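To start, the structure under review is shown below, and the notes come after it.
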Amino acid sequence: MGLVSMKNMLDQAKANKYAVGQFNINNLEFTQAIVEAAYEEKSPVIFGVSEGALKYMGLEFTVAMAKAAAEKYDLPIALHLDHGSSFAVIVQCIRAGFSSVMFDGSHYGLEENIALTKKVVEIAHNVGVSVEGELGTIGGVEDDLHVDDADAKFAKPEEAIYFWNETKVDALALAVGTAHGVYKGEPKIHYDIIKAVASKIDAPVVLHGGSGVPDQSIREAILHGAGKVNVNTENQVACTETLRSILLKDSKVIDPRKYMGPAREAMKNVVKNKIRLFGSNAKI
Ligand code: 13P
C-alpha cells in the first residue's frame with residue numbers, strides 16, 4: 001500500500017471514539033520501531049516529521065523510508081509534516097510525496113492564520129493531501145520551537161469552531177494544557193475545550209505533547225474528542241536511555257547494531273503501549 005492521507009483514518013477514529021497516534025521519526029530505527037509496532041497491533045499510524053528532523057534525515061531519505069514501510073507492511077500510513085512553518089516547506093514536502101501536512105499558523109492573528117491555512121488546504125486537498133491546523137499556543141520545546149509556559153495560551157472554543165468552518169482542516173491542534181517535551185509536573189488538560197470544539201466540528205482535535213501524560217488523562221481527552229495524539233519525547237527517552245546504559249556497561253562496544261537494535265526494541269514497546277492506550281489497535 002502507498003502512503004495515505006490522514007482523512008479516512010481520522011474519520012474512523014472520531015466516529016468510533018479512539019485516536020490514531022502520530023509518532024515522530026528521527027532516523028531509520030524510529031521508522032522501523034513505529035511501523036513494526038503498528039503492524040503487530042493492526043493499527044493505522046502517522047509518521048510525524050518536524051522541520052528539524054527533515055533537515056537531519058533529508059527529504060528524499062524521509063519519503064523513501066516512509067514509502068518502504070507502507071509497502072512492506074501494507075498498512076495505512078500517513079507521512080505528515082509536523083508544525084510546517086511556511087508555504088515553501090509545505091509545497092516542497094507535498095511535491096516530494098508527503099501525504100499530509102500541518103500548517104502551524106498559531107503565532108499569527110486569527111484572521112491571518114485562517115487566510116494562510118486556507119491557502120494550504122486549497123493546494124493540499126487538490127492533490128489528496130490532508131491538512132492539520134493549529135490554534136492557541138502549545139508550550140514546551142520541540143526542535144527550534146520554544147514556548148515558555150507563561151506564553152502558552154489556551155485555544156478559545158468559539159474561535160476554534162470559526163477557524164474550522166472557514167478552513168475545513170482535516171485535524172485541528174488546540175492548546176489545551178499539554179506541552180512538547182518533558183513535563184515538570186502533571187499536565188492539567190482542559191477537557192472542556194476539547195469537548196466544546198470536537199462536538200461542533202467534523203474533524204478530530206489533535207493533542208500535541210502526548211509524552212508523559214498519565215494514561216487516564218489521555219483516555220479522557222479521547223473520550224471528549226481528541227482523535228489524534230502526538231508522541232515524540234517518550235521514544236527519544238527510550239532510545240537514548242537504552243543505548244546509554246549499553247555503552248556505560250561495556251566500553252568495548254563499537255558495532256552500532258549492538259546498541260541501536262535494543263534501542264529500536266525499546267521504542268517499539270513504547271509505541272505498542274501507546275497504540276493500545278489510544279484504542280487504534282485491531283482496527284485493520
Ligand atoms: P512530545 O515530544 O511531548 O511527545 O510531543 C510530540 C508532539 O506534539 C509533536 O508535534
Side-chain angles (χ1 to χ4, degrees), residues 6 10 19-27 30-31 33-34 37 45-57 62 66 78-85 89-90 93 98 100-107 130-149 152 154-155 169-189 194 204-215 217-218 221-222 226-241 266-275 277-278:
M6 302 194 300
L10 292 186
V20 179
Q22 172 190 310
F23 300 97
N24 284 41
I25 59 174
N26 294 288
N27 62 19
F30 273 71
T31 312
I34 296 161
V45 78
I46 299 159
F47 287 143
V49 183
S50 68
E51 288 187 12
L54 195 59
K55 266 189 222 134
Y56 177 78
M57 296 186 287
T62 304
L79 177 62
H80 178 72
L81 174 67
D82 193 19
H83 295 283
S85 64
V89 71
I90 282 170
C93 285
F98 274 58
S100 189
V101 291
M102 173 180 189
F103 175 67
D104 179 356
S106 58
H107 45 286
S130 50
V131 179
E132 176 177 338
E134 179 173 324
L135 264 191
T137 314
I138 297 167
V141 180
E142 190 185 22
D143 283 345
D144 302 331
L145 296 174
H146 296 249
V147 179
D148 287 339
D149 289 351
F154 298 135
V169 286
D170 305 285
L172 181 52
L174 296 179
V176 293
T178 53
H180 295 123
V182 178
Y183 290 98
K184 288 184 208 103
E186 194 175 299
K188 190 179 172 327
I189 302 179
I194 300 176
V205 165
V206 182
L207 196 66
H208 279 245
S211 295
V213 179
D215 288 1
S217 307
I218 293 281
I222 293 172
K228 172 175 180 272
V229 182
N230 292 3
V231 174
N232 184 28
T233 301
E234 277 193 49
N235 275 332
Q236 293 189 326
V237 170
C239 174
T240 307
E241 280 184 350
M267 291 190 278
K268 185 171 156 186
N269 249 329
V270 170
V271 177
K272 286 183 77 151
N273 286 329
K274 293 292 179 202
I275 284 175
L277 172 64
F278 301 163

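In listed order, ligands and their atoms are each counted from 1. All values reported here derive from a predicted model rather than from experimental measurement.
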If you count the atoms of ligand 1 from 1 in the order shown, which ones are under 4.0 Å from a heavy atom of [X]?
{"X": "Gly181", "answer": "1 (P), 2 (O), 3 (O)"}
{"X": "Val231", "answer": "4 (O)"}
{"X": "His208", "answer": "8 (O), 10 (O)"}
{"X": "Ala179", "answer": "3 (O)"}

May I ask you to decide if the ring planes of Phe23 and Phe278 are parallel, tilted or perpendicular, using 30° and 60° as cut-offs? parallel
Protein heavy-atom partner closest to [atom] - residue, atom, separation in Å:
{"atom": "atom 4 (O) of ligand 1", "answer": "Ser211 OG, 2.5 Å"}
{"atom": "atom 8 (O) of ligand 1", "answer": "Gly209 N, 2.8 Å"}
{"atom": "atom 10 (O) of ligand 1", "answer": "Asp82 OD2, 2.7 Å"}

Report yes or no: do Asn232 and Asn26 form a side-chain donor-acceptor pair below 3.5 Å? yes
Under the side-chain contact (heavy atoms from CB on, under 4.5 Å) test against His208, which residue among Asp82, Leu174, Val231 passes? Asp82
For Val45 and Val20, the nearest pair of non-hydrogen atoms, with its separation, is CA-CG1, 4.1 Å
Check Val49 against Leu79 and note the closest heavy-atom contact, atom names and distance. CG2-CD1, 3.7 Å
Is there a polar contact, in the sense of an N or O pair closer than 3.5 Å, between His180 and ligand 1? yes
Please confirm whether Asn232 comes within less than 3.5 Å of ligand 1 when only nitrogen or oxygen atoms on both sides are compared. yes
Heavy atom to atom 2 (O) of ligand 1, shortest distance: which of Thr233, Val182, Val213 holds it? Thr233
Within the side chain of [X], is there an N or O that forms a donor-acceptor pair under 3.5 Å with the backbone of [Y]?
{"X": "Ser130", "Y": "Ser100", "value": "no"}
{"X": "Asp170", "Y": "Val131", "value": "yes"}
{"X": "Glu234", "Y": "Gly212", "value": "yes"}

Strictly under 4.0 Å, does any heavy atom of Gly210 approach an atom of ligand 1? yes
Under 4.0 Å between heavy atoms, the region of His83 that gets near ligand 1 turns out to be side chain
